[in-house]
Amino acid sequence: MSTETASTPAPVGKLLKADSIASIYRADVETSIKAFASSPSHSRKPTVVGILATDSKPSEMYAEFTRKTCEEIGVEFILRRVGAAVKNEQGGTEEVGLNGEGVELAIIEANEDASVDGIMVVSPYKDVEGLNTKFHFNLYHNIRFIKPQSLASATSTSALTSSAATAPANSDVPPEGTVKSILPCTPLAIVKCLEFMGVYNTLLPYGDRAYGKTVTVINRASYKVNTAVLKDGCICVNVSSEKNFEKDVREKASLYLPSVGKVTIMMLLRNLMRLTNYQDIVKQETSKSVEQK
């Protein structure tokens, strides 16, 4: 009898796809879109304006993918090119502007258009920089809930502070009379992916569910992580359009998610529909206030 034994293959981590995570939220988003379109106060598709101010190919691809997803799900997507994204009218490739040029004016114009429900700055800015002042303030002060009426007030720090809900951050359910503050779609998508992957300990109180976890964030789009330096059994999430992990990453990673783009777009659309709902609440409250006078 031979004494040779078959070699045991090295364990390989599980490869995950963003599609399965995005699909969890798609049905609710579609329901909200249909309700918006069928409402007598709207009777149209919700509309997003995407502002592109760079000639970056990944940004172009992301804008196009967002457009396709919007069309599939029932949202009107309008792409406005400014700065370096504008090509000369003769069909050449020469830019007629600089990266980031014209973004502010494009935002102002879209914001003044009553038919526009959301604005998406595709690039070169990050989505945190594109947040409404109030949501930006709430993000960095860990304010989870707001009163919808506060969105119609002046955007001063005092107004922000006084309008913020003071409920403890140990619940995901908004207290009566409040709604969830809006979070940037990319980091929110990452959180949803980590939830799906079981990173958060649901036995712990809300707000402490990442206790004991070590998270490493590499803020370099073109950085390549050497598999040899990874901890055995770690979880790897690739956020950039670049491939930031080597091909053998699953020899160390227990779970590997190579892209979050589809989840990001779903969070973008969920944010859009929440904002349209908040605006409707403000209009209703304003109408009641006028009638009472």
Side-chain angles (χ1 to χ4, degrees), residues 16-53 58-82 85 103 106-107 109-123 125 127 130-132 135 146 148 151 172 174 179-193 195-196 239 241 257 259-284 287:
L16 300 176
K17 295 292 186 181
D19 307 65
S20 56
I21 305 174
S23 64
I24 297 172
Y25 305 96
R26 183 171 181 125
D28 286 342
V29 172
E30 288 179 333
T31 298
S32 298
I33 291 171
K34 290 177 181 177
F36 178 94
S38 62
S39 170
S41 59
H42 298 294
S43 300
R44 60 176 177 81
K45 293 181 179 180
T47 300
V48 175
V49 167
I51 300 172
L52 182 65
S59 296
E60 288 266 4
M61 291 173 60
Y62 184 69
E64 178 62 18
F65 184 70
T66 302
R67 182 191 65 78
K68 288 182 178 179
T69 303
C70 285
E71 289 183 353
E72 290 173 359
I73 208 168
V75 171
E76 183 78 19
F77 182 79
I78 302 171
L79 182 62
R80 294 181 180 169
R81 299 174 183 272
V82 296
V103 170
I107 291 175
E109 291 176 346
N111 200 44
E112 292 177 346
D113 188 340
S115 67
V116 174
D117 303 295
I119 303 170
M120 171 190 177
V121 181
V122 182
S123 189
Y125 303 104
D127 48 3
L131 274 179
N132 175 284
F135 298 137
I146 62 170
L151 296 174
D172 192 39
V179 294
K180 290 184 177 181
S181 188
I182 297 296
L183 298 175
C185 57
T186 302
L188 180 58
I190 295 170
V191 168
K192 296 304 180 184
C193 290
E195 285 180 349
F196 180 85
V239 180
S241 57
L257 182 64
S259 171
V260 300
K262 292 184 178 181
V263 185
T264 299
I265 293 174
M266 204 54 59
M267 292 301 104
L268 167 75
L269 295 175
R270 193 175 75 154
N271 280 349
L272 169 69
M273 299 319 298
R274 282 186 174 179
L275 285 171
T276 59
N277 181 46
Y278 297 173
Q279 290 170 351
D280 286 344
I281 293 174
V282 171
K283 290 177 182 177
Q284 291 170 8
S287 177

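When a residue number appears, it is its place in the shown sequence, counting from 1.
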Are [X] and [Y] packed together at the side-chain level, in the sense that at least one heavy-atom pair is separated by less than 4.5 angstrom?
X      : Y      : result
Lys17  : Leu257 : no
Asn111 : Val116 : no
Arg80  : Ile78  : yes
Met267 : Lys262 : no
Val122 : Ile51  : no

Fill in: Minimum heavy-atom distance between Val282 and Pro148, given as atom pair plus value
CG2-O, 3.1 Å
Response to the item:
All heavy atoms of Pro58 vs all of Ser241, minimum pair found to be CB-OG, 3.4 Å
Worksheet item: How about His42 and Asp280: does a side-chain donor come under 3.5 Å of a side-chain acceptor?
Response: yes
Using 0.5 Å steps for rounding, measure from the [atom1] atom of [X] to the [atom2] atom of [Y].
X      : Y      : atom1 : atom2 : value
Thr47  : Ile119 : OG1   : CD1   : 12.0 Å
Met120 : Cys185 : CE    : SG    : 6.5 Å
Ile24  : Glu195 : CD1   : CD    : 9.5 Å
Ile265 : Ile73  : CD1   : CD1   : 10.0 Å

[X] side chain vs [Y] backbone, donor-acceptor pair below 3.5 Å:
X      : Y      : value
Asn271 : Leu183 : yes
Ser39  : Phe36  : no
Ser20  : Leu16  : no

I'd like a table of donor-acceptor pairs (distance under 3.5 Å, sequence neighbours excluded) in which one partner is a side-chain atom from residues 63-70, with atom names and distances.
residue, atom, partner, partner atom, Å
Glu64, OE1, Arg67, NE, 3.1
Glu64, OE2, Arg67, NE, 3.3
Glu64, OE2, Arg67, NH2, 2.3
Thr66, OG1, Tyr62, O, 2.8
Arg67, NH1, Glu71, OE1, 3.0
Arg67, NH1, Glu71, OE2, 2.7
Thr69, OG1, Phe65, O, 3.0

Worksheet item: Is a salt bridge present between Arg26 and Asp19, judged by a nitrogen-to-oxygen distance below 4.0 Å?
Response: no
Response to the item:
With Met273 as partner, the option from Thr31, Asp28, Ile33 fulfilling side-chain contact (heavy atoms from CB on, under 4.5 Å) is Ile33
Fill in: Criterion salt bridge (charged side-chain N to carboxylate O under 4.0 Å, His left out) on Asp117 and Arg44, from CA distance to verdict
CA-CA 11 Å; Asp117 303 295; Arg44 60 176 177 81; 2.8 Å; yes
